[in-house]
Amino acid sequence: QVQLVESGGGLAQAGGSLRLSCAVSGRTFDNLNMAWFRQGPGKEREFVAFISWSGGSTYYTDSVKGRFTISRDNVKSTVYLQMNNLKPEDTAVYYCAATTRLTTYLTRQRPGSYDYWGQGTQVTVSS
């Protein structure tokens with residue numbers, strides 16, 4: 001059974017940083033495309049960042065470009081999201097997701113394209 005476990009969330013001040021981790025177990029990690037999504041209060045789940053199975057391709061939603069960095073360690077079976085210059089609008093529950101499927105520019109941004117999900121970790125940014 002595949003398990004994704006997020007950690008690293010918490011409270012930060014605007015302009016601060018947090019690093020989220022997502023540890024994967026139960027299947028081979030290095031053939032999984034990975035992504036981070038987030039869901040703010042009263043909002044739909046939205047795409048944040050994507051990294052391909054090899055780590056060679058990364059994509060970000062426009063609102064986090066230049067501030068967030070997604071990376072992965074295939075030895076540790078872990079994907080990371082380094083979040084810098086945090087803003088109050090980044091407040092949300094952050095979820096990591098995984099898929100073995102090939103993705104396109106559109107499909108990688110859709111929650112339905114992912115087969116496995118973590119339980120989420122809360123990130124709160126105060127102004």
Side-chain angles (χ1 to χ4, degrees):
Q1 184 174 353
V2 180
Q3 284 192 318
L4 283 65
V5 180
E6 301 99 334
S7 60
L11 178 64
Q13 290 188 332
S17 299
L18 287 172
R19 188 175 84 152
L20 306 183
S21 300
C22 174
V24 180
S25 61
R27 71 161 295 143
T28 302
F29 178 70
D30 57 6
N31 65 0
L32 290 173
N33 293 313
M34 302 294 299
W36 288 95
F37 285 76
R38 66 186 179 187
Q39 188 164 13
K43 297 182 180 180
E44 294 186 351
R45 192 167 299 190
E46 66 169 349
F47 169 79
V48 176
F50 169 93
I51 187 165
S52 62
W53 63 271
S54 67
S57 298
T58 58
Y59 302 92
Y60 301 90
T61 192
D62 287 346
S63 62
V64 308
K65 284 180 182 176
R67 301 189 298 121
F68 291 10
T69 303
I70 189 171
S71 62
R72 64 189 295 157
D73 184 331
N74 284 359
V75 173
K76 295 182 178 180
S77 297
T78 300
V79 63
Y80 304 97
L81 186 68
Q82 178 66 45
M83 305 185 295
N84 298 328
N85 191 21
L86 283 162
K87 301 177 180 181
E89 51 263 42
D90 295 320
T91 294
V93 177
Y94 283 71
Y95 299 90
C96 69
T99 182
T100 58
R101 290 176 266 178
L102 295 175
T103 62
T104 66
Y105 172 76
L106 290 178
T107 62
R108 69 174 64 98
Q109 300 182 60
R110 296 173 182 163
S113 298
Y114 295 84
D115 305 305
Y116 310 107
W117 290 85
Q119 81 289 350
T121 186
Q122 176 71 46
V123 171
T124 302
V125 183
S126 62
S127 58

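Predicted, not measured: the structure shown is a model, and the values here were computed from it.
Within the 4.5 Å cutoff, side-chain heavy atoms of Ser21 are placed close to those of Thr78. Between Met34 and Leu4 the shortest side-chain heavy-atom distance falls below 4.5 Å. In this structure, Phe37 and Tyr114 have side chains that are in contact, with non-hydrogen atoms separated by less than 4.5 Å. When side chains are defined from C-beta on, Leu81 does not count as touching Arg38, because their heavy atoms never get closer than 4.5 Å. Thr121 is not listed as a side-chain neighbour of Val93, based on a closest heavy-atom distance of 4.5 Å or more. Side-chain contact between Ser17 and Gln82: present, with at least one pair of heavy atoms (C-beta onward) separated by less than 4.5 Å.
No salt bridge links Asp90 with Lys87; every basic N to acidic carboxylate O contact stays at or beyond 4.0 Å.
In terms of modelled atom types and a separation under 3.5 Å, the side chain of Asn33 and the main chain of Trp53 share a donor-acceptor contact. Counting only distance, with no hydrogens or angles, the side chain of Ser127 and the backbone of Pro88 share no donor-acceptor pair below 3.5 Å. Side chain of Tyr60 to main chain of Ile70: a donor-acceptor pair is present (N/O by atom type, distance under 3.5 Å, no hydrogens or angles). The closest donor-acceptor contact from the side chain of Thr103 to the backbone of Arg108 lies at 3.5 Å or more, if one exists at all. The main-chain N or O of Phe29 is found under 3.5 Å from a side-chain atom of Arg72 such that the two form a donor-acceptor pair.
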Any chance you could lay out the side-chain contact (heavy atoms from CB on, under 4.5 Å) test for Val123 and Met83, step after step, and finish with the verdict?
CA-CA 10 Å; Val123 171; Met83 305 185 295; 3.9 Å; yes
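Hydrophobic cluster membership differs between Phe47 and Val79, with clusters built from Ile, Leu, Val, Met, Phe, Trp and Tyr side chains linked at under 4.5 angstrom. By the criterion of side-chain heavy atoms lying less than 4.5 angstrom apart, applied directly or through intervening Ile, Leu, Val, Met, Phe, Trp or Tyr residues, Tyr80 is not grouped with Tyr94; the two fall into different hydrophobic clusters.
Sorted pairs that involve residues 1-18 and meet salt bridge (charged side-chain N to carboxylate O under 4.0 Å, His left out), not counting sequence neighbours, are lacking altogether. Evaluation of the disulfide (SG to SG under 2.5 Å) test over residues 97-127, restricted to residues two or more places apart or in two chains, returns none. Annotation: disulfide (SG to SG under 2.5 Å) contacts involving residues 31-100, sequence neighbours excluded, comprise Cys22-Cys96. The list of salt bridge (charged side-chain N to carboxylate O under 4.0 Å, His left out) pairs with a residue in residues 22-32, not counting sequence neighbours, is empty.
Distance check: Leu11 CG to Gln122 CD gives 9.5 Å after rounding to the nearest 0.5 Å.
Below 30°, between 30° and 60°, or above 60°: for Phe50 and Tyr59 the angle between ring planes is between 30° and 60°, a tilted geometry. The aromatic rings of Trp117 and Tyr95 sit perpendicular to each other, their planes meeting at more than 60°, with 30° as the lower class boundary.
With sequence neighbours excluded, the residues that form a salt bridge (Lys or Arg N to Asp or Glu O under 4.0 Å) with Asp115 are Arg101. When the side-chain contact (heavy atoms from CB on, under 4.5 Å) test is applied to Gln3, the partners found at least two apart in sequence or on another chain are Ser25.
The minimum heavy-atom distance linking Thr58 with Ile51 is given by the pair CG2-CG1, 3.8 Å. Shown here for Leu86 and Ala12, the closest heavy-atom pair between the two residues is CD1-CB, 3.8 Å.
Within a 6.0 Å radius of CG in Leu102, no more than 12 heavy atoms belonging to other residues, nucleotides or ligands are found. Enclosure of atom CD in Gln13 is not indicated, since only 12 or fewer non-hydrogen atoms of other residues, nucleotides or ligands lie within 6.0 angstrom.
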